[in-house]
Amino acid sequence: MSGSSLPRARRSAAMAAWLVGCALTLAAVTPNPAPTPAPAPAPGPGSASASASDEAAVLGREHAREHARLRDAAKGAQGYPQSKRTASLAAHRASQERTNRAFAAAESGRFAAYFPSPDFGVHVAQLPTGKVLLFSFERVEADPTKETGPTGTVGRTNAGRGYLWDPAKGTGAAAFTKVSPPVVLMPDGHYAPRPAPFFCAGHAYLPNGMVGVFGGNVGGKGGSGAKLSFVFDPWTETWFRNRDMSVGRWYPTAVTGADGRQIIMSGQSERGTGTPTPVVERFPALRHPVPWRPFDIPVGLSAERLRTDAPFRNDYPHLFSLRDGMVYGLGRDADQQWRFDPVREVRTDLPRRPADFRGYGSAVPLPAGFRGPDSVLVLGGDPHDPFTYRLSGGRWTTERPRAFGRTQDDTLILPDATLLTVNGALDTRDYGHGPFNPLADPKYRQVELRDARGNWRLGPAQRLPRGYHSNALVMPDGRVMVTGDELQQIANDPDIDDAMDGSIELYEPAYLHRGARPALDRVPAGELGHDRAFEVTSSTPGDVARAVLLAPSTVTHSVNTSQRHLELRITGRRGGTIGLRTPPSPADAPPGYYMLFLLDGKGVPSVARWVKLGVR
């Protein structure tokens, strides 16, 4: 990501149309600025500087700045014309249809929807309100052969943006609401106010359902770490700023521990790319209570530095809080695999991973029945290595391979405890035939499915190739949302001039094509303690064979630290009432909101209902 910024003022399609109209008016009345002669002690009357000055005098500085951005964007559109975008999208749709004729929905699932989004989806989070948070950066280029985001820029063009998608409102523009981050002044020499550039941050859930977001981009030097710390409140749909962290972080990872506090590691420091910080921090600091209830809004809270360090050589390590209460840090380098004790604040070496360096690939805490996970499956990140690697009991084993190696992939735990891989590429944005070729190898667009025995098989293909910055998550209705990869999205944008920069695809797993779903009608409204009995009601109790908790995902850069799948013990049945028991301890299932699914004997899930696990 790098570049300069498309207008922050695109707050709606109407605003975008107004700006485009302004740009067209300018094109009609303003001659193209002549090149400035060299040498030139002062701008001549026909120079670009003079035109900009005249424009500012007439329109005002901010309005003139928006016009300049529109002109820059128009240049990008000329370099990559709309006809090329629409032809590419049509080619992808045709190849998707050809590929997917070989797959039956009841066996492999199907991709059922593809629609525009106002955000690139570099970061996504499933919220306990049922809505999905998407956030990234303001677009600075319309030409996908150039970087889309403002990584290397400083000043107000280096800005973030955020949206909520409400699936209950459908897939049109009206289903999205803008939720801009707070306006900040960044220490970049400009101190120009702009929506916080919190892209390429780390994030995790707090027990009250809020999303903690840490870090971001100061800009310049190829990108550098910001000390920013925010919380997104899904209940008021508002961002709140907390005290800055002690160090800047760009590409950090955060994970929620058994006590509900978040551990933050790695990320490029404020000194720029190539300087990952070894500092480990905890949010909130121990002197602050953990935000527990929906109205416990963290504002101005501080993090604190732990006594241990985490000297990862590369950013975005995978972090998992497993059922022993330890945090496992699995670095991209084979020799950087560590276990952290968040209570004693010590780090212990783990054995070297069998495979060598891995780029951005996925990792999943494997379901372990009624207990929390005690092993992790590492996969992807190396296009030449199809094998998967399991860490269990402090030892690594090589597990069954996928069909081929891929990087930039996302792997999810589904309600039936099977795994699904979506997205991926040969390299960062190379899909087998280069970055923007509509003939990109369809295999990187195919999902892969892992059954309960650990066997993998290929499934249907998604519409777009999605590599770097691609994402996916499981929704409460059991569908999978797929998004991300801003360059592919603008290379296939059906209308580059509207306010919908991104796209979303919806995948329906096979279990949604295997008959009627069991019903989950009511769940407890209050908090549920660990190792406690509770009851739910179902109008189809005879169809219920299993009950599971699935933690929601907040994911970026193939890093998904929040995933967790737990079976719940069925303790009794009485008519339409089913007795269940919660997981044994906070180490098995950290406090917070979970999706509760009832499943039948074929693995078909109900629509989930949200439950709050953990009592303060």
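Quick note: residue numbers are just sequence positions, from 1.
Residues Ile264 and Pro252 share a closest heavy-atom pair of CG2-CB, 4.5 Å. What you find for Asn217 and Pro150 is that their closest heavy atoms are ND2-O, 3.6 Å. Between Ala368 and Pro373, the shortest heavy-atom distance links the atoms CB-CA, 4.2 Å.
Listed by chain and residue number, nothing satisfies the salt bridge (charged side-chain N to carboxylate O under 4.0 Å, His left out) test with Arg445 (two or more places apart in sequence, or in another chain). With sequence neighbours excluded, the residues that form a ring pair (Phe, Tyr, Trp, His ring centres under 6.0 Å) with Phe120 are Phe137. Considering only residues two or more places apart in sequence or on other chains, Lys443 meets the salt bridge (charged side-chain N to carboxylate O under 4.0 Å, His left out) condition with none of them. Phe597 meets the ring pair (Phe, Tyr, Trp, His ring centres under 6.0 Å) test with no other residue; sequence neighbours excluded.
Listed for the Asn100 side chain is a donor-acceptor partner under 3.5 Å among the backbone atoms of Ala461. Using modelled atom types, one side-chain atom of Gln337 and one backbone atom of Asp333 make a donor-acceptor pair closer than 3.5 Å. Gln268 places a side-chain N or O within donor-acceptor distance of the main-chain N or O of Gly274, the cut-off being under 3.5 Å. A distance-only check finds no donor-acceptor pair linking the side chain of Glu448 to the backbone of Leu420 [under 3.5 Å]. Checking side-chain atoms of Arg249 against main-chain N and O of Ser266 turns up a donor-acceptor pair under 3.5 Å. One N or O on the side chain of Gln462 and one on the backbone of Leu464 form a donor-acceptor pair closer than 3.5 Å.
Looking at Cys200 and His557, their side chains come closer than 4.5 Å, going by heavy atoms from C-beta outward. You'll find the side chain of Thr129 reaches within 4.5 Å of the side chain of Pro234, heavy atoms only. Side-chain contact between Val447 and Leu458 is absent, with no heavy atoms from C-beta onward closer than 4.5 Å. Using a 4.5 Å cut-off on side-chain heavy atoms (C-beta onward), His92 and Pro465 make contact. By the 4.5 Å heavy-atom criterion applied to side chains, Asn455 and Arg450 are not counted as neighbours. For the pair His318 and Thr253, the minimum side-chain heavy-atom distance is 4.5 Å or more. Residues Pro509 and Val480 meet the side-chain proximity criterion, which asks for heavy atoms closer than 4.5 Å. A 4.5 Å side-chain heavy-atom check between Thr554 and Val124 finds every atom pair outside the cut-off.
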> Does the pair Asp485 and Gln489 meet the rule for a side-chain hydrogen bond (donor to acceptor under 3.5 Å, both in side chains), with working shown?
Replying inline: CA-CA 6 Å; Asp485 191 336; Gln489 290 177 102; over 6 Å; no
> Between Lys602 and Tyr511, is a side-chain contact (heavy atoms from CB on, under 4.5 Å) present by the stated rule, with each step listed?
Replying inline: CA-CA 8 Å; Lys602 296 180 293 185; Tyr511 52 59; over 6 Å; no
>> Applying side-chain contact (heavy atoms from CB on, under 4.5 Å) to Leu350 and Leu391, what does each step give before you reach the verdict?
In response: CA-CA 9 Å; Leu350 293 170; Leu391 175 68; 4.0 Å; yes
> Checking ring-ring contact (aromatic ring centres under 6.0 Å, His included) for the pair Phe135/Tyr163: CA distance, chi angles, key distance, verdict?
Replying inline: CA-CA 6 Å; Phe135 62 97; Tyr163 287 86; over 10 Å; no
>> Determine whether Leu127 and Glu237 satisfy the following criterion, side-chain contact (heavy atoms from CB on, under 4.5 Å), listing intermediate values before the conclusion.
In response: CA-CA 10 Å; Leu127 303 176; Glu237 300 184 351; over 6 Å; no
> Do Arg463 and Glu505 pass the salt bridge (Lys or Arg N to Asp or Glu O under 4.0 Å) test, and can you show the C-alpha distance, the side-chain angles, and the key distance before you say yes or no?
Replying inline: CA-CA 8 Å; Arg463 180 72 51 87; Glu505 303 182 52; 5.6 Å; no
>> For Trp250 and Ser269: C-alpha separation, side-chain torsions, deciding distance, then whether side-chain contact (heavy atoms from CB on, under 4.5 Å) applies.
In response: CA-CA 7 Å; Trp250 190 49; Ser269 78; over 6 Å; no
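Between the side chains of Gln82 and Asp493, not a single donor N or O lies within less than 3.5 Å of an accepting N or O. In summary, the side chains of Ser375 and Arg390 do present a donor paired with an acceptor at a separation below 3.5 Å, with no hydrogens or angles considered. Side-chain atoms of Ser553 and Asn560 form a donor-acceptor pair, as typed in the model, at a separation below 3.5 Å. In this structure, a donor-acceptor pair under 3.5 Å is present between the side chains of Glu399 and Thr397. Inspection of the Asp410 and Ser362 side chains reveals no N or O donor paired with an N or O acceptor under 3.5 Å.
To the nearest 0.5 Å, atom CG of residue Leu319 and atom CD of residue Gln262 are 11.5 Å apart. With values rounded to the nearest 0.5 angstrom, Gln408 atom CD is found 5.0 Å from Thr428 atom OG1. The CG atom of Asn492 lies 5.5 Å from the CD atom of Gln488; values are rounded to the nearest 0.5 Å. In this structure, OH in Tyr593 is found 9.0 Å from CE in Met210, a value given to the nearest 0.5 Å. The line from OG1 of Thr177 to CG of Asp166 is 7.5 Å long, rounded to the nearest 0.5 Å. Note that CG of Leu377 and OH of Tyr389 are 11.0 Å apart. Values are rounded to the nearest 0.5 Å.
Salt bridge present: Asp315 and Arg332 bring a charged side-chain N and a carboxylate O closer than 4.0 Å. Salt bridge Asp143/Lys84: absent, no basic N to carboxylate O contact under 4.0 Å. The residues Arg546 and Asp416 are annotated as not salt-bridged, no charged nitrogen and carboxylate oxygen being separated by less than 4.0 angstrom. A salt bridge links Glu486 with Arg429: the closest approach of a Lys/Arg side-chain nitrogen to an acidic carboxylate oxygen falls below 4.0 angstrom. The pair Asp119-Lys178 does not count as a salt bridge, with every side-chain nitrogen at least 4.0 angstrom from each carboxylate oxygen. Salt bridge status for Asp356 with Arg352: present, with a side-chain N to carboxylate O gap under 4.0 Å.
None of Asp385, Asp409, Thr388 except one satisfies the side chain to side chain donor-acceptor pair (under 3.5 Å) rule with Arg402; the exception is Asp409.
Ring-plane geometry between Trp338 and Phe312 is classed as tilted, the angle between the planes lying from 30 to 60 degrees on a 0 to 90 degree scale. The aromatic rings of Tyr251 and Tyr468 sit parallel to each other, their planes meeting at less than 30°, with 60° as the upper class boundary.
Taking the ring centroids of Trp239 and Phe232, they lie under the 6.0 Å cut-off. Residues Phe115 and Trp165 place their aromatic rings such that the two centres sit under 6.0 Å apart.
Identified under the ring pair (Phe, Tyr, Trp, His ring centres under 6.0 Å) test for residues 411-451, with sequence neighbours left out: Phe404-Tyr444.
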May I have the list of side-chain donor-acceptor pairs in residues 101-114 shorter than 3.5 Å, sequence neighbours left out?
residue : atom : partner : partner atom : Å
Ser108  : OG   : Arg457  : NH1          : 3.1
Arg110  : NE   : Glu508  : OE1          : 2.8
Arg110  : NH2  : Glu508  : OE1          : 3.4

